[in-house]
Amino acid sequence: MWSQVDIFNSYIADGNNAAAADAAVGELLSVFADNAKLAKAVRNVARTYNAAGRSDKAMELWMCNVDNSPNNVNALLSQLDIIYSYIDPNNGNDAAVDREVEKLLTVFSDEPTLPQKVHFIANRYRKIGKYERAIRFHKIVGEKWSNNDFATLSKAAVGGLHIALGDDETAEAILDNLIADSNDQRILPRAIFEGIGQAYYGEARQGKGDEYYRKAIAAWERIIKELPPSRITPQSYYASAVCYSQELGEYQKGIEYYQAIVDNWPNYEYAWHAQFFVGKYYEKLRNSRTVPESEANPKIEQAYQAVIEKYPNSKSGPYAALKLGQINFQKGRWVEAAMYFELFVQKYPEDKRHSYVLYYLGQTYEKMGQLAPA
């Protein structure tokens, strides 16, 4: 059967054998009608047709799967392919989508993944900027499967879509309702983080103004303060820290949030970056004379030492080793300076600053009176 599919593929690849490709498909359907994996093969062929610009043949085969193999997962996926084919920013057919979604909900009513599938349909509309249509399908998920995780994700997504539409008031009401009705849902922190917080952040990145960074932080703060701790909690701290430090220039506030991550979630995937940023932003505060050197310098050194001790293999390791070498060199602590420069040279040989550090290391050995290694 798969060889028959490959025969079809070869005709499609040739580009000049449409009739032969169609004949190969006819043979696939007749000769292998009883094959248990025919629905999968038919869907593969349909997608190949669609990619080759023959959407009519693709539609014909997707419909064949739905009608002839309704209990097969590839029939469900083919029904989704039909729906997606009608969702187009230029030549879409919303009436056809509504019709085919109704068929999806009827024919595959017992399918446990339906909430996810309808949620994805809504996301397709969001990607092409048809926010009202996206809201329509997210609301179907929220109302039809109210106890499903995707209902919670969809409700938050509706809030984010209202933000995109400029209706922050409705978005805030949705956020309030989600938290009030949470009942300790494990998916809720993620729903708020992505659906509301990231929606505000996205608007800020589109140039809507700093107030949207602050609204994003406010949404993430509610995860931190009002919901039980979860894996999203350190992510909310990190995202807030990025907004404060990188977007709003409020370095001290950013440091506070980065420090909370390294203190409480040292194994968080970006804890190494948070530790690095503590040192980096204390450098900025010192250089701008916002914080006196006597206060900032010990914090900088401690932060970079923590990077080396806790996250030596992170991307921040080379910078931390270099800075610690320079700090100790400036203080005349030649042994410590040499140790960090040597660490850099041995552990990060591919770093572009390698020759620069070798020069510093040579100077350090010279200061120590060790002329041979210098």
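Counting from 1, the numbers follow the sequence of the chain as shown. Only this structure's heavy atoms are used, side chains among them; waters, hydrogens and symmetry mates stay out.
For Tyr340, the ring-ring contact (aromatic ring centres under 6.0 Å, His included) criterion is met by no residue, not counting sequence neighbours. Residues forming a side-chain contact (heavy atoms from CB on, under 4.5 Å) with Asn68 (at least two apart in sequence, or on another chain): Cys64. Applying the salt bridge (charged side-chain N to carboxylate O under 4.0 Å, His left out) test to Glu250 and every residue at least two apart in sequence or in another chain returns Arg214. Partners of Tyr11 by ring-ring contact (aromatic ring centres under 6.0 Å, His included), not counting sequence neighbours: none found. With sequence neighbours excluded, the residues satisfying salt bridge (charged side-chain N to carboxylate O under 4.0 Å, His left out) with Lys215 are Asp168, Glu211. Partners of Phe137 by ring-ring contact (aromatic ring centres under 6.0 Å, His included), not counting sequence neighbours, listed by chain and number: Tyr125. Evaluation of the side-chain contact (heavy atoms from CB on, under 4.5 Å) rule for Gln346 yields Glu342 as partners, not counting sequence neighbours. Scored by the ring-ring contact (aromatic ring centres under 6.0 Å, His included) test, Phe341 finds Tyr360 as partners (sequence neighbours excluded).
Judged purely by atom type and a 3.5 angstrom limit, Asn65 uses its side chain to pair as donor or acceptor with the backbone of Ala39. In this structure, Thr170 contributes its side chain and Asp167 its backbone to no donor-acceptor pair below 3.5 Å. With Glu111 contributing its side chain and Thr113 its backbone, the two residues share a donor-acceptor pair below 3.5 Å. Side-chain N or O atoms of Thr233 include none that pairs as donor or acceptor with a backbone N or O of Pro229 at under 3.5 Å. Panel note: side chain Asn17, backbone Ala20; no donor-acceptor pair is recorded below 3.5 Å.
Between Pro189 and Gln185 the shortest heavy-atom distance is CD-O, 3.6 Å. Ala75 and Val66 make their closest contact through O-CG2, 3.5 Å (heavy atoms, listed as atom of the first residue, atom of the second, distance). Ile261 approaches Pro234 most closely through the heavy-atom pair CD1-O, 3.9 Å. Heavy atoms only, all atoms of each residue included: Tyr268 and Gln235 are closest at OH-CA, 3.5 Å. Here the closest non-hydrogen pair linking Cys243 and Ile217 is CB-CD1, 3.6 Å. Between Ala134 and Leu161 the shortest heavy-atom distance is CB-CD1, 3.7 Å.
Under 4.0 Å is where a charged nitrogen must lie from a carboxylate oxygen, and between Asp149 and Arg190 no such pair does. Ionic pairing of Glu102 and Arg99 is not present here: no N-O contact between side-chain nitrogen and carboxylate oxygen is shorter than 4.0 angstrom. Electrostatic pairing of Arg133 and Asp98 counts as a salt bridge here, judged by a charged N lying under 4.0 Å from a carboxylate O. A salt bridge is defined here as a Lys NZ or Arg NE, NH1 or NH2 lying under 4.0 Å from an Asp or Glu carboxylate O, and Glu247 with Arg205 meets this definition. A salt bridge does not link Glu143 to Lys139: none of the charged side-chain nitrogens sits closer than 4.0 Å to a carboxylate oxygen.
A chain of hydrophobic side-chain contacts below 4.5 Å, direct or via other Ile, Leu, Val, Met, Phe, Trp or Tyr residues, connects Val101 to Ile128. Taken together through direct or relayed side-chain contacts under 4.5 Å among Ile, Leu, Val, Met, Phe, Trp and Tyr, Val42 and Leu77 form parts of separate hydrophobic clusters. Phe193 and Tyr212 end up in the same hydrophobic cluster when Ile, Leu, Val, Met, Phe, Trp and Tyr side chains are linked at under 4.5 Å. With hydrophobic clusters built from ILVMFWY side chains whose heavy atoms lie under 4.5 angstrom apart, Ile12 shares a cluster with Met1. Tyr359 and Val345 fall into different hydrophobic clusters, where Ile, Leu, Val, Met, Phe, Trp and Tyr residues are linked whenever their side-chain heavy atoms come under 4.5 Å apart, directly or through other members.
Counting only residues at least two apart or in different chains, salt bridge (charged side-chain N to carboxylate O under 4.0 Å, His left out) contacts with residues 255-271 comprise Lys253-Glu256. Residue pairs meeting the side-chain hydrogen bond (donor to acceptor under 3.5 Å, both in side chains) criterion with at least one partner in residues 42-52, sequence neighbours excluded, are Asp22-Tyr49, Arg43-Asp81, Arg47-Asp81.
Taking the ring centroids of Tyr237 and Trp220, they lie at or beyond the 6.0 Å cut-off.
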Pairs of donor and acceptor atoms involving the side chains of residues 367-374, under 3.5 Å and at least two apart or interchain, shall be tabulated with distances.
none

Which donor-acceptor pairs under 3.5 Å do side chains of residues 314-330 form with protein atoms, sequence neighbours excluded?
from: Ser314; atom 1: OG; to: Tyr311; atom 2: O; distance (Å): 2.8
from: Ser314; atom 1: OG; to: Ser316; atom 2: N; distance (Å): 3.3
from: Tyr319; atom 1: OH; to: Glu283; atom 2: OE2; distance (Å): 3.2
from: Lys323; atom 1: NZ; to: Glu283; atom 2: OE1; distance (Å): 3.2
from: Gln326; atom 1: NE2; to: Tyr356; atom 2: OH; distance (Å): 3.2
from: Asn328; atom 1: OD1; to: Arg333; atom 2: NE; distance (Å): 2.6
from: Asn328; atom 1: OD1; to: Arg333; atom 2: NH2; distance (Å): 2.8
from: Asn328; atom 1: ND2; to: Leu324; atom 2: O; distance (Å): 2.8

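Phe150 CZ to Lys155 NZ: the interatomic distance, rounded to the nearest 0.5 Å, is 14.5 Å. With values rounded to the nearest 0.5 angstrom, Glu350 atom CD is found 13.5 Å from Tyr348 atom OH. To the nearest 0.5 Å, atoms NZ (Lys280) and CD (Gln275) are separated by 14.5 Å. Considering CG of Leu38 and CD of Gln4, their distance stands at 11.0 Å, rounded to 0.5 Å. Between the CD1 atom in Ile232 and the CG atom in Leu188 there is a gap of 10.5 Å [rounded to 0.5 Å]. Taking CG of Asp67 as the reference point, atom NZ of Lys103 lies at 4.5 Å (rounded to 0.5 Å).
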- Run the numbers on Tyr251 and Ser288 for side-chain hydrogen bond (donor to acceptor under 3.5 Å, both in side chains), then give the verdict. CA-CA 11 Å; Tyr251 302 135; Ser288 65; over 6 Å; no
- Message: side-chain hydrogen bond (donor to acceptor under 3.5 Å, both in side chains), that's the test. Do Lys347 and Asn313 meet it? Break it down for me.
- Response: CA-CA 9 Å; Lys347 195 170 182 63; Asn313 297 318; 2.8 Å; yes
- ring-ring contact (aromatic ring centres under 6.0 Å, His included) evaluation trace for Tyr213 with Tyr201: CA-CA 6 Å; Tyr213 287 123; Tyr201 182 78; 5.7 Å; yes
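Annotation for Lys117: atom NZ counts as buried by contact number, over 12 foreign heavy atoms lying within 6.0 Å.
The cationic group of Arg124 lies under 6.0 Å from the six-membered ring centre of Tyr84 and within 45° of the ring axis, placing it in a cation-pi geometry.
Of the candidates Leu175, Asp176, Asn177, Leu175 is the only one forming a side chain to side chain contact (heavy atoms under 4.5 Å, CB included) with Ile179.
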